[in-house]
Amino acid sequence: MAEKNKIKPELFWVMDYYSESGLTKKEYYEQVAKEIEFAEKLGFRGVWIAEHHFIDYGIVPSTSVYLSHIASRTRNIRIGPAVATIVFRNPIQVAEEYSLLDTLSNGRLNLAMGSGYLKHEFMGFNIPQEAKREIFDEALDIILKLMSGESVSVNSKYFKYENVKINVLPLQKPYPPIWIAVLRAEAAYHVGKKGFNLMMIPYATVDKIDDVKLVTDSYKQGLKEKNTKAEISLAFHTHVSKSFHDAVEESKEYLHRYVFSRLYAKRRTLDELYSSGLLLFGGPEDVANQIYKIWKLTEVNRLMFLVDYGMKPLTLVQDILVNIREKVTKLLEEKGIELDFIT
């Protein structure tokens, strides 16, 4: 099968927490670890964990800490933050922590970075939101130089260091694969022009699936000017059951929880979400058709399935993962698309 027709299947967790689930936070951390162990056995290629602060919309404030735990419980699956919000952190410590994580995981780190978007997080860290792009660009440059083993001196508006060099370097050289998360087509163009991989959650970015093409086309134009190749990774809330009706009935409680826990986001009814194309939802054939449409629009290299939103039970999450691995994969093969699992 032609290489361009392969899609790497990965998984993404926001780690949204709800006390009414009956689980403690410690118990939910353990449930997700079990979900990841199960995903590795099925051959999923990577897992991504969101970083959030101050409220229960996401309960992993330090992805490097939680992913170190995941690294100790897995062997092959790649791990990464989605995203490390480097605007809130000292870039030296970011470089140190993720270099250490890459070493401890035996070179399995994918490093996605972003500037953040939630108002309460900027307020909590006392960072002016209007300065986030400038801070991000400076911090990213420092991080990549340090992870490459360079000695860094900088005297800028936001950072002042002299001859700083970190003492642990990543196993992957010069540094782990880098993804940059975006919310707008304009930003995607600049990510492409710098030659980085692109990450996006269409649910948070566009109103309908056809609009994703505007973002990915902008990114590809930037890549063309850079004259390089890179990957596009898109994340979709996913529920695969026997039929569309069964998917709706099984997931509506959890999807409702998730949708109405989001701050600052545009409110959509569940019916609006189902018709937007921004969810991978329904029976295996429904989901295979949706993935095929996304691939035709974007030629996406990676799909991140966001399966566990709203704190679904472990057994339900496992059933969905099996449906993706066995049923959706087979149907996509008939369309000339390969979900490229680790075998």
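Numbers here simply count residues along the sequence, with the first being 1.
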Side-chain heavy atoms nearer than 4.5 Å, only ILVMFWY residues, links allowed to pass through others: does that put [X] and [Y] together?
X	Y	result
Leu303	Phe341	yes
Met200	Tyr203	yes
Val168	Ile166	no
Trp13	Phe38	yes
Leu314	Met15	no

Review point. Could you walk me through whether Tyr117 and Phe122 pass the ring pair (Phe, Tyr, Trp, His ring centres under 6.0 Å) check?
Key: CA-CA 8 Å; Tyr117 66 98; Phe122 284 90; 8.9 Å; no
Aromatic plane relationship, [Y] with [X] - under 30° parallel, 30 to 60° tilted, over 60° perpendicular:
X	Y	value
Tyr17	Tyr28	tilted
Phe281	Phe244	perpendicular
His53	Phe125	perpendicular

Looking at [Y] and [X], is any side-chain nitrogen of the basic one under 4.0 Å from a carboxylate oxygen of the acidic one?
X	Y	value
Glu121	Lys132	no
Glu253	Arg257	yes
Asp102	Arg108	no
Lys213	Asp217	yes
Glu10	Arg45	no

Review point. Going by distance alone, is a donor N or O of one side chain under 3.5 Å from an acceptor N or O of the other, for Thr74 and Glu40?
Key: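 No, no side-chain donor-acceptor pair sits under 3.5 Å.
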Practice item. Determine the sole option in Asp319, Val248, Leu316, Leu280 for which the side chain to side chain contact (heavy atoms under 4.5 Å, CB included) test with His239 is passed. Key: Leu316
Practice item. Identify which one of Val60, Ile49, Leu67, Val94 satisfies the side chain to side chain contact (heavy atoms under 4.5 Å, CB included) criterion when paired with Pro81. Key: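 Of the listed residues Val60, Ile49, Leu67, Val94, the side chain to side chain contact (heavy atoms under 4.5 Å, CB included) partner of Pro81 is Leu67.
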Answer yes or no: is there a donor N or O on one side and an acceptor on the other, between the side chain of [X] and the main chain of [Y], under 3.5 Å?
X	Y	value
Asn110	Pro177	no
Asp56	Tyr18	no
Ser68	Ser64	yes
Ser241	Gly283	no

Point to revise | Min side-chain heavy-atom separation Arg75-Asn106 under 4.5 Å | key: no
Practice item. Only pairs at least two apart or in different chains count here, so list each salt bridge (Lys or Arg N to Asp or Glu O under 4.0 Å) that has a residue in residues 177-193. Key: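 Found Lys193-Glu225.
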Review point. Salt bridge (Lys or Arg N to Asp or Glu O under 4.0 Å) between Glu231 and Lys8: does it pass, once the steps are laid out?
Key: CA-CA 10 Å; Glu231 294 190 303; Lys8 296 174 182 175; 3.3 Å; yes
**Study point:** Centroid-centroid distance, His69 to Tyr29, less than 6.0 Å
**Key:**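 They do not qualify: ring centres at least 6.0 Å apart.
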